Amino acid sequence: MALCSDVRFLMRKIRDLRCFTSRGHRVKGKWATSRPKYPPTTLALQHFDVTYSSQLGHLWPSVRVALLSERKYGALLNNFSLNDVEEDLASQGCRDFVTDTDRKEHVSMEQDPEVEFSETSDSTSVEQRDTFGQHQLSQPHLSPTIKCFVFPRGDITRFKPARPDSSGLLGYYLMDAASVLPCLALDVHAGHNLLDLCAAPGGKTLALLQTQAIRFLCLNDSSISRTSRLKKVLQSYLPKELLTREKLRITSFDGTKWGEIEQNTFDRVLVDVPCTTDRHSLMEDDNNIFSKSRTGERRGLPQLQLQLLLAGVVAACPGGEIVYSTCTLSHIQNVGVVEQAIHLARENHGIHLKVVDLRPLAHMFRNTFHFASDVQLGELVIPHLAANFGPIYLCKLKRLS
Ligand SMILES: C[S@@+](CC[C@H](N)C(=O)[O-])C[C@H]1O[C@@H](n2cnc3c(N)ncnc32)[C@H](O)[C@@H]1O
């Protein structure tokens, strides 16, 4: 007790002394001069307020609140783990959003003649016309082995950390559940060769591997430190037999140059590009793309994304399919990049691309995610307080030549 009151007394004295020290004699901390006027998170919010209020209109205030609130996770089930976590997750009130959907229901929608590149009918969705001339799109084919558990809408319970099984493999991987959508859209079939051009830290790679259908998987990420993280993730989730050179190749190349190394090769290519990572940019000042020192890098993102997507297109084989994805709401980084890639693939490489209609996929998962209604190309999951996933943008392209 006596010690406490002594400390309080000393603190009071120090405060009193500060009052008598003239401003000119106070030592200014170094930070006072070097600290930027606004932290990167504030700069990000200012930037989003300007761009997204015009892009999303009346939706922006609710999306803004969701982005500034705690995000929701999904638990991607690891089929290679011996732990029976499915039952445990179900007993906690979670459900696998991939299988828990009405697949029989047909989607009916008018074709929009204004959509320049949009086409219907492909390997993942079968087009039919009903008696009113509307397009009936049957449900897409999805891998039944990708499972991702989520808590119900409005339930913000957090998942417990995954536990290792007897051989050390973890039962699930926590990620934004909407990040599973690009992997589902990629529609991997048995015997496919796959390229994951920007793979680290590996959430989507893990989802793709759950299909157990891939013949050969090329994983690449230009960042050496992030590639090491990817390797650690794979070791925590996959049995050693899968981590062999016959099945898997991990590289740290600049993905924009991939087309120069390997062309017309892969059945499926995932191009999950670096972007403004909207949620991270609003939450973390560390490593923030809106920090002043990274302004050039941020402004160069659409160009880098375009080069990566084009490299992915060139690496795919004729008839092969490419999924482009980001975790930003930005129209320029999403639709803008895809439009330019379609144009440049034709002009510079003589490659004709078809945009695969993902509306059946969005319709199928409309009870789990909120999809933006007016995206010209691809689908966009927008954050919502009751289902705080995303933002995730995905667009699927098929090489016709
Ligand atoms: C959105 S993250 C990928 C996330 C990953 N697909 C996942 O699901 O965990 C984008 C990645 O692109 C990588 N990257 C940035 N520039 C690249 C380039 N020129 N070539 C290849 N990868 C690049 C970054 O290091 C980063 O890991």
Side-chain angles (χ1 to χ4, degrees), residues 71 73-76 78 146 148 172-186 188 194-211 217-238 248-262 266 268-281 284 287-289 294 296-315 322-330 333-334 337 341 381 389-395:
R71 75 183 319 163
Y73 282 91
L76 174 77
N78 183 20
I146 299 181
C148 184
Y172 53 77
Y173 181 86
L174 295 182
M175 64 197 287
D176 188 323
S179 292
V180 174
L181 296 176
C183 308
L184 290 168
L186 204 56
V188 176
L194 227 112
L195 168 64
D196 190 349
L197 197 57
C198 308
K204 295 188 189 70
T205 305
L206 275 185
L208 291 168
L209 282 162
Q210 299 308 315
T211 61
L217 178 60
C218 263
L219 301 174
N220 179 67
D221 197 286
S222 61
S223 156
I224 292 173
S225 59
R226 285 174 69 94
T227 310
S228 315
R229 218 170 119 201
L230 167 72
K231 284 178 189 162
K232 287 201 184 98
V233 168
L234 295 184
Q235 281 159 6
S236 308
Y237 285 86
L238 303 176
L248 211 92
R249 190 171 80 200
I250 304 178
T251 52
S252 289
F253 295 141
D254 174 0
T256 62
K257 307 270 187 296
W258 198 279
E260 294 167 21
I261 314 166
E262 225 164 10
F266 296 94
R268 297 287 186 267
V269 181
L270 179 62
V271 187
D272 186 35
V273 292
C275 65
T276 42
T277 51
D278 295 359
R279 245 184 222 281
H280 178 267
S281 296
E284 295 276 337
N287 192 26
N288 191 313
I289 191 85
R294 295 183 71 187
E297 187 187 340
R298 177 167 58 81
R299 293 200 177 132
L301 276 174
Q303 187 58 26
L304 173 63
Q305 292 158 344
L306 175 63
Q307 287 177 339
L308 285 166
L309 178 52
L310 278 171
V313 165
V314 172
I322 304 107
V323 169
Y324 173 79
S325 59
T326 73
C327 54
T328 175
L329 295 164
S330 160
Q333 297 175 62
N334 296 337
V337 168
V381 174
F389 303 109
I392 291 288
Y393 171 78
L394 57 152
C395 186

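If you read the sequence from its start, that first residue is 1, and numbering goes on from there. Since this is a predicted model, take the numbers as computed values, not measurements. Atoms within a ligand are numbered from 1 in the order they appear, just like the ligands themselves.
Checked against side chain to side chain contact (heavy atoms under 4.5 Å, CB included), Arg71 has the following partners two or more places apart in sequence or in another chain: Tyr73, Asp176, Arg279.
With a 4.5 Å cut-off on side-chain heavy atoms, Tyr324 and Gln305 count as touching. Proximity of Thr251 to Trp258: side-chain heavy atoms (C-beta onward) are separated by under 4.5 Å at one or more points. For the pair Asp272/Pro182, no side-chain contact is recorded, criterion being any heavy-atom separation below 4.5 Å from C-beta on. In this structure, Leu304 and Val273 have side chains that are not in contact, with every pair of non-hydrogen atoms separated by 4.5 Å or more. Residues Val233 and Thr205 have side chains not in contact (no heavy-atom distance under 4.5 Å, counting atoms from C-beta outward). Side-chain contact between Thr227 and Leu219 is absent, with no heavy atoms from C-beta onward closer than 4.5 Å.
Looking at atom 1 (C) of ligand 1, its nearest protein heavy atom turns out to be Val273 O, 3.5 Å. The protein heavy atom nearest to atom 19 (N) of ligand 1 is Asp254 OD1, 2.9 Å. The closest protein non-hydrogen atom to atom 9 (O) of ligand 1 is Gly202 N, 2.9 Å. Atom 3 (C) of ligand 1 has Ala200 O, 3.1 Å as its closest protein atom, hydrogens excluded (heavy atom only). For atom 25 (O) of ligand 1, the closest non-hydrogen atom on the protein side is Asp221 OD1, 2.6 Å. Distance from atom 20 (N) of ligand 1 to its nearest protein heavy atom, with residue and atom name: Gly255 N, 2.7 Å. If you check which protein heavy atom lies closest to atom 12 (O) of ligand 1, you get Cys198 CB, 3.3 Å. For atom 22 (N) of ligand 1, the nearest non-hydrogen atom of the protein is Ser222 N, 3.2 Å.
Only one option out of Thr276, Leu329, Thr277 pairs with Pro391 in a side-chain contact (heavy atoms from CB on, under 4.5 Å); it is Leu329.
Proximity to Asp272 (heavy-atom distance under 4.0 Å) selects the following atoms of ligand 1: 1 (C), 3 (C), 4 (C), 5 (C), 6 (N), 7 (C), 8 (O), 10 (C). Within ligand 1, the atoms closer than 4.0 Å to a non-hydrogen atom of Gly203 are 7 (C), 8 (O), 9 (O), numbered from 1 in the order shown. For ligand 1 and Asn220, the ligand atoms under 4.0 Å from any heavy atom of the residue are 21 (C). Near Ser223, the atoms of ligand 1 lying under 4.0 angstrom from a non-hydrogen atom of the residue are 25 (O). Within ligand 1, the atoms closer than 4.0 Å to a non-hydrogen atom of Arg226 are 2 (S), 25 (O), 26 (C), 27 (O), numbered from 1 in the order shown.
Contact check on Glu260 versus Lys257 returns no salt bridge, with no Lys/Arg side-chain nitrogen under 4.0 Å from an Asp/Glu carboxylate oxygen.
Residue contacts with ligand 1 for Ala199 involve N, CA, C or O but no side-chain atom from C-beta outward (heavy atoms, distance under 4.0 Å). In Lys204, the parts holding a heavy atom less than 4.0 Å from any atom of ligand 1 are both the side chain and the backbone. With a 4.0 Å cut-off on non-hydrogen atoms, Thr326 does not touch ligand 1 at all.
Taking distance alone, with nitrogen or oxygen atoms compared against 3.5 Å, Thr205 stays at or beyond that limit from ligand 1.
Between the side chains of Asp254 and Ser222, no donor-acceptor pair is found at a separation under 3.5 Å.
Panel note: side chain Asn334, backbone Thr328; a donor-acceptor pair is recorded below 3.5 Å.
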